Participant: 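One structure, as structure tokens, below. Some questions next.
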Amino acid sequence: MKTHYINGQFTSGHSKDAIAVDNPATGDVIEHVALGTAEDIDAAVQAAKAAFESWKRVSASERAELLHEVSRKIRAHAHQITELLTREEGKPVSENEEEVVWTYSTFDYYAELGRHSRGRVIPSTEDGVLNMVIKEPYGVVGCIVPWNYPLLLLAWKVAPALAAGNTVVIKPSELTPLTTLLLCEVAFDHLPPGVVNVVTGDGQTGEALVRHPDVPMIAFTGSLSTGQKIASIAAPMMKKTHFELGGKDAFVIADDADPELAARAVAYAALINAGQVCTSTERVYVPKPLASRFTDNLVDLVRSLNLGDGLDPETDIGPMIGDKYRQKVVDHIADAKAKGARVLVGGGVPNRRGYFHEPTVLADVNHSMKVMTEETFGPVIPLMTYTDFDEAIRLTNDSIYGLGACLYTSDAKKVRRFFEDVKAGTIWINDPLTDNYAGPFGGMKYTGGGRELGEEGLDEFRETKHVHWDIEARPKPWWLPYHKKQPQ
Ligand code: NAD
């Protein structure tokens, strides 16, 4: 059984209970991890709190070197990490290779940003006074991570948190804790003990971290319902919260688009990681005159894709993460069919081991269906036609979520209209789901307002303090008592 990582040591913790971690491509158990308790969380928080006192005083340059070393070590073990990530998460190995690159590069990016981004000196109120805006760390940050990109989403939190001078307690998803523990073994081991701690466990373990009085900030990526629970606990304690929640991203095809290229872009945006990306395309809007050519291209492409184990290099689409998640896809398709949708390709669960679902294209959908309103988080592409661009924008905004939105067009006027009027944190034109280390990533509306990556992603982990300093310590004419003029 794999154990927690607290104060630089692997430790079995207080509970005898374990969580089985399975391979979604087969359903076979690959390992067990400890089920963390509130006592384990407390031990990790105390270690992080003690380490914070010295970590916050480490110079930015020295911290940068230590973070670059994390990156170098991840890179040196990239093959081993990628293989384990594929076995615990399921997506094709080429996608996991990309995730590992993103993980180590994020440590490099924040190593450098943390080295130079330090606050500012502002104009003073009078001569001899110094006014400074200082950026300082919160202290112990609780990082709660989901399963779909367990390392990338860890890096987007842990790298800026450490660069800003915080220490962290990570609670990985119960479905994908193994690669996080592997990072402790091969990449975090040179950091001072207590700077990075990991407690494995389930939602209750995560809740103990949220409730802990010595954790002033929670950085959370996961579902809306869990985010709402965390918010209800953290708000009365006035904790800083950083939320990256669900999405229901739209992809609008404009009437000038090449139907073959647009179909390839949509298939990628909807089916990467079997549709289990927060920014997966989950709604596609096609202009009526283009609908039949676009749909034919998309259906042919989806029909040609190989479903399989992520470790097989021939695989295009891997399994879903688990039966509960697959059941939601089955439920959404059934609801759509009952309300008049047609299945153009796929639509079912194949007869094989593991948690596979066929990539599916649905036509004749509308906004009364769950597949167009709730997060599906699976390999389903619902197609809806529109009449004019105003309608496409209105439909795009008709969602409680506001994470990302995609458009395919070469018409600059439509591009401008789209990025000005669509309420979403990222707008992709003709290049869906491509992230940029320097570009802030996050959502609006019920997706939550947290931002990761870019300078904003560092600032999330820093408090702002204003220092007003009269260097000469002179008395002020406006001080009490008012009735007697003070000598200057
Ligand atoms: P989830 O909410 O079920 O779990 C996320 C994490 O929270 C896990 O580590 C889990 O153990 C923990 N948790 C569960 N209950 C908790 C509680 N009461 N208190 C504290 N922690 C608790 O989400 P998931 O199924 O792992 O991930 C899928 C979701 O994540 C989707 O909704 C997806 O859209 C979202 N997501 C969002 C982004 C983004 O950047 N916006 C990125 C990736 C995934």
Side-chain angles (χ1 to χ4, degrees), residues 19 21 24 33 35-36 38 41 88-91 99 102 142-157 169-177 179-180 198-212 215 218-234 239 241-249 272-282 320-329 355 374-378 399-404 424-426 433 435 439-453 456-457 460:
I19 298 174
V21 181
V33 295
L35 176 61
I41 288 287
E88 74 171 349
E89 202 278 337
K91 63 185 173 300
E99 177 168 353
W102 267 85
C143 301
I144 303 179
V145 183
W147 50 264
N148 62 338
Y149 288 89
L151 298 186
L152 173 124
L153 294 168
L154 175 152
W156 287 8
K157 293 168 185 54
V169 175
I170 304 166
K171 211 300 282 172
S173 167
E174 50 274 50
L175 299 169
T176 54
T179 41
T180 302
V198 174
V199 178
T200 54
D202 60 9
Q204 284 195 337
T205 316
E207 195 168 317
L209 183 56
V210 177
R211 288 190 187 282
H212 201 291
V215 177
I218 295 291
F220 173 76
T221 300
S223 61
L224 171 60
S225 59
T226 306
Q228 287 169 325
K229 268 189 220 152
I230 290 174
S232 72
I233 298 166
K239 292 191 182 213
T241 45
H242 163 106
F243 287 123
E244 299 276 357
L245 309 178
K248 189 74 196 168
D249 286 12
I272 177 176
N273 198 4
Q276 302 170 115
V277 187
C278 51
T279 49
S280 285
T281 287
E282 296 215 351
M320 296 191 61
I321 191 69
D323 201 37
K324 180 178 93 173
Y325 297 85
R326 179 171 62 178
Q327 197 47 47
K328 188 174 183 194
V329 171
Y355 311 119
E374 296 176 18
E375 188 177 51
T376 308
F377 227 57
S399 169
I400 62 164
Y401 296 110
L403 185 53
T426 304
L433 273 61
D435 295 324
F441 176 95
M444 298 178 179
K445 304 197 273 186
Y446 276 72
T447 300
R451 288 292 178 276
E452 295 184 316
L453 298 180
E456 290 82 354
E460 292 272 318

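Worth saying up front: this structure is predicted, and the values here are computed from it rather than measured. Atoms within a ligand are numbered from 1 in the order they appear, just like the ligands themselves. FYI, side chains are in, hydrogens and waters are out, and symmetry mates aren't considered; it's all heavy atoms of this structure.
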Participant: Identify the heavy atoms of T221 and P146 that sit nearest to each other, and give their distance.
Facilitator: O-CD, 3.2 Å
Participant: Of the listed options (C143, C278, S173), which comes nearest to atom 39 (C) of ligand 1 when hydrogens are ignored and any heavy atom counts?
Facilitator: C278
Participant: Determine whether a donor-acceptor pair (N or O, by modelled atom type, separation under 3.5 Å) exists between the side chain of K445 and the backbone of S399.
Facilitator: yes
Participant: To check your reading of the model: name the closest protein heavy atom to atom 17 (C) of ligand 1, its residue, and the distance in Å.
Facilitator: G203 O, 3.5 Å
Participant: Would you say V145 has any N or O atom under 3.5 Å from an N or O of ligand 1, going by distance alone?
Facilitator: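 Such a contact does occur with ligand 1.
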Participant: With the threshold set at under 4.0 angstrom, would you say G227 reaches ligand 1 through any of its heavy atoms?
Facilitator: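 False for this residue.
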Participant: When you measure from the side chain of E99 to the backbone N and O of L151, does any donor-acceptor pair fall under 3.5 Å?
Facilitator: yes
Participant: With a cut-off of 4.0 Å, which atoms of ligand 1 are near a heavy atom of L245?
Facilitator: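 The atoms of ligand 1 under 4.0 Å from a heavy atom of L245 are 34 (O), 37 (C), 38 (C), 39 (C), 41 (N).
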Participant: Between the main-chain N or O of I321 and the side-chain N or O of Q276, is there a donor-acceptor pair closer than 3.5 Å?
Facilitator: yes
Participant: Where's the contact between V277 and ligand 1, heavy-atom distance under 4.0 Å: side chain, backbone, both or neither?
Facilitator: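 For V277, no heavy atom sits under 4.0 Å from ligand 1.
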Participant: Under 3.5 Å, is there a donor-acceptor pair between the side chain of T200 and the main chain of P177?
Facilitator: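 Pair absent, no side-chain N/O of T200 close to backbone of P177.
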Participant: Has Y149 got any heavy atom lying under 4.0 angstrom from an atom of ligand 1?
Facilitator: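 Judged by the 4.0 Å heavy-atom criterion, Y149 does not count as contacting ligand 1.
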Participant: Can you tell whether the side chains of R451 and E460 come within less than 4.0 Å, N to carboxylate O?
Facilitator: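 Answer for the salt bridge query: no.
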Participant: State the atoms of ligand 1, each with its element, that fall below the 4.0 Å cut-off from a heavy-atom position in D202.
Facilitator: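 In order of number, 11 (O).
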Participant: Look at atom 22 (C) of ligand 1 and say which protein heavy atom is nearest, naming residue and atom and giving the distance to 0.1 Å.
Facilitator: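 Residue, atom and distance for the closest contact: T226 CG2, 3.5 Å.
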Participant: Looking only at distances, please establish whether an N/O atom of ligand 1 is found under 3.5 Å from an N/O atom of W147.
Facilitator: yes
Participant: Starting from atom 35 (C) of ligand 1, which protein heavy atom do you reach first, and at what distance in Å?
Facilitator: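 Answer, as residue, atom name and distance: G222 O, 3.2 Å.
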Participant: Sub-3.5 Å donor-acceptor pair from the side chain of K328 to the main-chain atoms of E375, do we have one?
Facilitator: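 Pair found, side chain donor or acceptor close to backbone of E375.
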Participant: Is there a donor-acceptor pair closer than 3.5 Å between any side-chain N or O of K239 and the backbone N or O of V215?
Facilitator: yes
Participant: Using a 3.5 Å distance criterion without hydrogens, assess whether the side chain of K171 forms a donor-acceptor pair with backbone atoms of G142.
Facilitator: no
Participant: Write out the residue and atom name of the closest protein heavy atom to atom 23 (O) of ligand 1, then the distance separating them to 0.1 Å.
Facilitator: S223 N, 3.4 Å
Participant: So is F220 in contact with ligand 1, going by heavy-atom distances below 4.0 Å?
Facilitator: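 Yes.
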Participant: Is there at least one pair of N or O atoms, one from K229 and one from ligand 1, spaced under 3.5 Å apart?
Facilitator: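 Among all N and O atoms of K229, none is under 3.5 Å from an N or O of ligand 1.
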Participant: Donor-acceptor pair, distance only, cut-off 3.5 Å: does the side chain of E244 make one with the backbone of G448?
Facilitator: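 Between the backbone of G448 and the side chain of E244 there is no qualifying donor-acceptor contact (under 3.5 Å).
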Participant: Can you sort out which atoms of ligand 1 are near N148, meaning under 4.0 Å from one of its heavy atoms?
Facilitator: 43 (C), 44 (C)
Participant: Quick one: pull up OG1 in T205 and CD1 in I41 and give me the separation to the nearest 0.5 Å.
Facilitator: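 Going from OG1 on T205 over to CD1 on I41, the span is 6.0 Å.
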Participant: Output yes when the distance from some N or O of ligand 1 to some N or O of E375 is under 3.5 Å, and no in every other case.
Facilitator: yes
Participant: Considering only the protein, which heavy-atom contact is closest to atom 21 (N) of ligand 1, and what is its distance?
Facilitator: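 The closest heavy atom on the protein side is G206 CA, 3.6 Å.
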Participant: Is T221 close to ligand 1, meaning an N/O of one under 3.5 Å from an N/O of the other?
Facilitator: no
Participant: In terms of atom number and element, which parts of ligand 1 are under 4.0 angstrom from non-hydrogen atoms of G246?
Facilitator: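 Contacts of ligand 1 toward G246, numbered from 1: 32 (O), 34 (O).
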Participant: Any atoms of ligand 1 less than 4.0 Å from a non-hydrogen atom of E207? List them with their elements.
Facilitator: 18 (N), 19 (N), 20 (C)
Participant: Nearest to atom 27 (O) of ligand 1, what protein heavy atom do you find, and at what distance?
Facilitator: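 Nearest neighbour among protein heavy atoms for atom 27 (O) of ligand 1, to 0.1 Å: P146 CB, 3.3 Å.
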Participant: Do me a favour and list the nearest non-hydrogen protein atom to atom 28 (C) of ligand 1 with residue, atom name and distance?
Facilitator: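 Ranking protein heavy atoms by distance from atom 28 (C) of ligand 1, first comes F377 CE2, 3.9 Å.
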Participant: Can you find a protein heavy atom closer to atom 41 (N) of ligand 1 than 4.0 Å?
Facilitator: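 Protein heavy atom within 4.0 Å of atom 41 (N) of ligand 1: present.
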Participant: Do K91's NZ or CZ and the ring of Y149 fall within the cation-pi criteria of under 6.0 Å and 45°?
Facilitator: yes
Participant: Does T447 reach the main-chain N or O of G246 with its side chain, forming a donor-acceptor pair under 3.5 Å?
Facilitator: yes
Participant: Need the ligand 1 atom indices (1-based, order shown) with element for anything under 4.0 Å from a heavy-atom of I144.
Facilitator: 6 (C), 7 (O), 9 (O), 12 (C), 20 (C), 21 (N)
Participant: Please compare K248, K324, E174 and report which has the shortest non-hydrogen distance to atom 11 (O) of ligand 1.
Facilitator: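 That would be E174.
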Participant: Do P24 and Y325 make a side-chain contact, defined as non-hydrogen atoms from C-beta onward lying under 4.5 Å apart?
Facilitator: no
Participant: Between E282 and T376 (side chain of the first, backbone of the second, donor and acceptor by atom type, cut-off under 3.5 Å), is there such a pair?
Facilitator: yes
Participant: Mark up the atoms of ligand 1 that fall under 4.0 Å of a heavy atom belonging to Y325, in ascending order.
Facilitator: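 The list of qualifying atoms is 25 (O).
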Participant: Run the numbers for me: atoms of ligand 1, each under 4.0 Å from some heavy atom of P172, listed by number.
Facilitator: 9 (O)
Participant: Tell me the closest heavy-atom pair linking V277 and I272, and the distance in Å.
Facilitator: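 Looking at all heavy atoms of both residues, the closest pair is CG2-O, 3.5 Å.
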